Number of protein chains: 2
Amino acid sequence: MVRCIHCGEVHAITRSGIVRGKQRYYCKDCKLYFILKEEATVTPARPHMTTIVDIAKALCISKSTVSRALHEHSDINEQTRNDVLDMARKLDYQPNLLAQSLVKSKSNNIGIIVPEFLTYFFPTIIMAAQEVATKAGYNVIICQSQESYKIEKANAHVLLSNRVDGVLISMSCQTKNFEHFRTFEKHGIPVVFFNRVCEEIDSSKVYVDDYKGSFLAVEHLIKSGYKNIAHIGGPLSLQLTYNRLNGYRAALKKYGLPSGKDQVIHCDLSKKGAINAAETLLSKRRNRPDAVFCVNDPVAIQLIMVARQKKIPVPRELGVVGFSDDPMAEIIDPGLTTIQQPVSVIGREAMELLLRSIQTEGKAQPIVKSLKPKLVIRGSSVR
Amino acid sequence: MVRCIHCGEVHAITRSGIVRGKQRYYCKDCKLYFILKEEATVTPARPHMTTIVDIAKALCISKSTVSRALHEHSDINEQTRNDVLDMARKLDYQPNLLAQSLVKSKSNNIGIIVPEFLTYFFPTIIMAAQEVATKAGYNVIICQSQESYKIEKANAHVLLSNRVDGVLISMSCQTKNFEHFRTFEKHGIPVVFFNRVCEEIDSSKVYVDDYKGSFLAVEHLIKSGYKNIAHIGGPLSLQLTYNRLNGYRAALKKYGLPSGKDQVIHCDLSKKGAINAAETLLSKRRNRPDAVFCVNDPVAIQLIMVARQKKIPVPRELGVVGFSDDPMAEIIDPGLTTIQQPVSVIGREAMELLLRSIQTEGKAQPIVKSLKPKLVIRGSSVR
DNA sequence: GTGAAAGCGCTAACAT
DNA sequence: ATGTTAGCGCTTTCAC
């Protein structure tokens, strides 16, 4: 009883001549000629994926030859190669990347750790990064830390166990200990930080010049005639919080405006946190700000929503500027003035730096890229 | 010259007694006792990740014992197990999932194919699905088809080569050929469709009752007094397009309103497509609709933007209802009335069905879940 | 130009 | 309770 090496069926098999002294068979169903090896342990159950051994058996050659043919290895007979390629197609061969990774100690997987991917910013970066990775033959494993140090650590382990070749990271805002990042480097796995970078680790980084961006934003508010400008900042664990805060302060200083300490509120970046901060700022009886520069667009949008609810007209009594140029900024009325970040560029450049590190023998010289922000003026800040 | 089996260094090594007749060493740096095997091929370069063999050597036991200890296998000496666990921690052991997957023919990876993940809808589903997967010990590989059949097919190959244990799919709107989906089933890899399901494939599916949702939406418009209700529908390749269209028609019919054929426009779901459709509808000289039911929220929002530009007041002269309850619906002014889908539930249920299929021997009985939509009334449809 | 054999890190019979 | 062996699918010397 001879089974087809492809479909495993027995009913459609006929003999079809002798090749190299061996009986050749033909499966009518699969339209496939094949030869069984001497002790041919015949094919297993259905859901077996074709391997190079299947191809080798079908062609009565060795699996090394098949492997070589599949990879355009120099020394290979043209005819043999074509045979192998044909058979591979016929048997619907898909290389087992797991096996390949194991023997090459290279998974062709790249990990990305982000705090979340709900708010346009990270998805856009991921898309851009993934595009670059895919082109270079890499796969991407996306992990969300959900702004939690614990989850971020767990993510790092998952990526390590999956033997990723490199990692892109934007830190959670809870992270204060960086051992899990060092573990990567300890094992020679390059890491590139983006946006929420880690000062303490000497690796490549890509981010936007937050200081400059904030400065532009606040300067614009001042030039629009606002005098009492507040700031809703991000969590104090994030470097960008300080950079944006400093830009805000520098602009106030340059134009001789006071920056009373109470005009700065920090919030975690959740919706609730943003609403709380906005409420606090807009409920003030004395010294209510006439403008607010917000650490990012989602926060700015919540601020506008709160103002709307309190019947405080934007921009007449309240100027607002955000950061990032979220698509929402165009939708909301009035349009939200904001600092545009080259979001896709961040993702692309970060991935390119990472790929370069991966391809470099030994530790590559870290490269730090600071991208230029741009002021986009809409209705929320011009009266 | 003896090297530490952990750090590979030689300078911090001292002898430390004889154990089971063998010389024991101690590394001051790593605070680690260890014994070398007879022919001890000493440790390789730095970026070598610890394997069970390293642990076995360090403890002078066999790697099977290590494997067993690591997996709480029944028959294992308590003491041995603790030793192994300690050593694993000491050597910072991370199991190689690739090797594990290879031998078990089970990758613990699950693929997700979505058209995109920029617009809240898919990211939310992915998050929910990922959460369920992670809890069950599965990893998730996310692929975007970018609404392209070709890319979707490529995605399928990538997932196949990565030997995923199952796949969650929401089809691209270009997809008319389904062989790449069948390939999964042919290899015993279960598939669950969600949201954009494939009629032709007999597998589990999760979606929202689109017909019912549209019916609710249009009924609401009618009850609000709108008489000439148009519809911007989705691409004709998607089943949900027909379902939503039919719901729209059924509501018109039930309330005795005419549904002139020209009051239905289909668009791909891109921003540009939406704007074009909106322009067409709102530029009509005769018979301009007084309300529009849109296939989803992003389209509805573009419609409102166009109306804003044309100074057509919403909701007074134009009622608008969307579908999905995108966060933007709350932000835009007036608020967008919409049909809420239980987005997270879709992701969760789809993943649960998939995990069940994976754990079932043989092909599981397909389960189809239709979830209930809900009307959320905001300002855009009430005058 | 091709085959045989070793080995990537791990699990799972099969011995003992 | 532990060691020995084979093998997952693949690449890569090393022979011939």
Side-chain angles (χ1 to χ4, degrees), chain A residues 20 37-38 41 43-45 47-84 88 91-108 160-163 165 187, chain B residues 20 37-38 41 43-45 47-84 88 91-108 160-163 165 187:
Chain A
R20 301 192 216 181
K37 273 227 162 159
E38 266 68 22
T41 35
T43 25
H48 154 81
M49 298 206 66
T50 307
T51 72
I52 51 168
V53 176
D54 297 329
I55 300 179
K57 273 190 192 153
L59 260 27
C60 280
I61 57 178
S62 81
K63 60 179 180 170
S64 345
T65 305
V66 175
S67 174
R68 278 187 283 252
L70 255 17
H71 294 292
E72 329 234 348
H73 238 288
S74 48
D75 275 358
I76 184 89
N77 182 303
E78 189 63 20
Q79 182 57 43
T80 316
R81 218 192 60 200
N82 289 337
D83 286 354
V84 169
L91 299 186
D92 191 22
Y93 171 73
Q94 306 281 354
N96 186 328
L97 259 39
L98 300 170
Q100 233 167 266
S101 302
L102 186 60
V103 54
K104 301 229 264 193
S105 310
K106 180 156 190 331
S107 68
N108 274 287
L160 223 41
S161 282
N162 276 285
R163 298 296 188 266
D165 298 333
H187 293 295
Chain B
R20 301 192 215 180
K37 272 226 163 161
E38 265 70 20
T41 35
T43 24
H48 154 80
M49 298 206 65
T50 307
T51 71
I52 51 168
V53 176
D54 297 329
I55 300 180
K57 272 190 192 152
L59 260 27
C60 280
I61 58 178
S62 83
K63 60 178 181 168
S64 349
T65 306
V66 174
S67 175
R68 278 188 283 251
L70 255 18
H71 292 293
E72 330 232 348
H73 236 288
S74 47
D75 276 357
I76 184 87
N77 181 304
E78 190 62 22
Q79 182 56 42
T80 316
R81 218 192 60 200
N82 289 338
D83 287 353
V84 169
L91 300 184
D92 191 22
Y93 170 74
Q94 306 281 353
N96 186 328
L97 259 40
L98 300 169
Q100 232 167 267
S101 302
L102 187 60
V103 54
K104 301 230 264 191
S105 309
K106 180 155 190 334
S107 68
N108 273 288
L160 223 40
S161 281
N162 276 285
R163 298 294 188 268
D165 298 332
H187 292 295

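Please read these numbers as outputs of a predicted model, since none were measured by experiment.
Residue A:S67 has no polar side-chain atom (N or O) positioned under 4.0 Å from OP1 or OP2 of D:dC10. Distances shorter than 4.0 Å separate some side-chain N or O of B:T80 from OP1 or OP2 on D:dT2. Contact between the side-chain N/O atoms of B:T51 and the OP1/OP2 oxygens of C:dG9 is not found at any separation under 4.0 Å. For D:dG9, the OP1/OP2 oxygens have no side-chain nitrogen or oxygen of A:Q100 closer than 4.0 Å. Contact check, A:T65 against C:dT2: no side-chain N or O comes under 4.0 Å of OP1 or OP2.
Across the protein-nucleic acid pair, B:Q94 atom CD and C:dC8 atom P stand 20 Å apart, rounded to whole Å. Atom NE2 of B:H187 and atom P of D:dG9 are 13 Å apart (whole Å). Atom pair B:L70:CG and C:dC10:P shows a separation of 9 Å (rounding to whole Å applied).
For the residue pair A:D83 and A:Q79, a side-chain donor N or O sits within less than 3.5 Å of a side-chain acceptor on the partner.
When each of D:dT11, C:dG3, C:dG9 is scored by its nearest atom to the side-chain atoms of B:L102, the top-ranked nucleotide is C:dG9. In the set D:dG9, C:dT11, C:dT2, C:dT2 carries the atom at the smallest distance from any side-chain atom of A:I76. Considering only side-chain atoms of B:K104, the nucleotide from C:dG9, C:dT11, D:dG3 that sits closest is C:dT11. Distances were taken from every side-chain heavy atom of B:I61 (C-beta onward) to each of D:dT11, D:dG3, C:dC10; the shortest belongs to D:dG3. Picking from C:dT2, C:dG3, D:dC10 the nucleotide with the shortest atom distance to the side chain of A:N77 gives C:dT2. For A:S64, taking side-chain heavy atoms from C-beta onward, the closest of the listed nucleotides C:dG3, D:dG3, C:dT11 is C:dG3.
The shortest side-chain heavy-atom distance between B:H48 and B:D54 falls under the 4.5 Å cut-off.
The side chain to side chain contact (heavy atoms under 4.5 Å, CB included) test with A:R68 is passed by exactly one of A:N77, A:T80, A:V84, A:I76: A:I76.
Across the interface with DNA chain D, nearest-nucleotide mapping of B:S105 and B:R81 shows B:R81 to be the residue nearer the 5′ end. When the nearest nucleotides of DNA chain D are assigned to A:R68 and A:K63 by heavy-atom distance, the more 5′-ward of the two goes with A:K63.
Judged by distance alone, with hydrogens and angles left aside, the side-chain atoms of B:S161 form no donor-acceptor pair with the main-chain N or O of A:L97 at under 3.5 Å.
The structure places CD of B:Q94 at 6.5 Å from NE2 of A:H187, a figure rounded to the nearest 0.5 Å.
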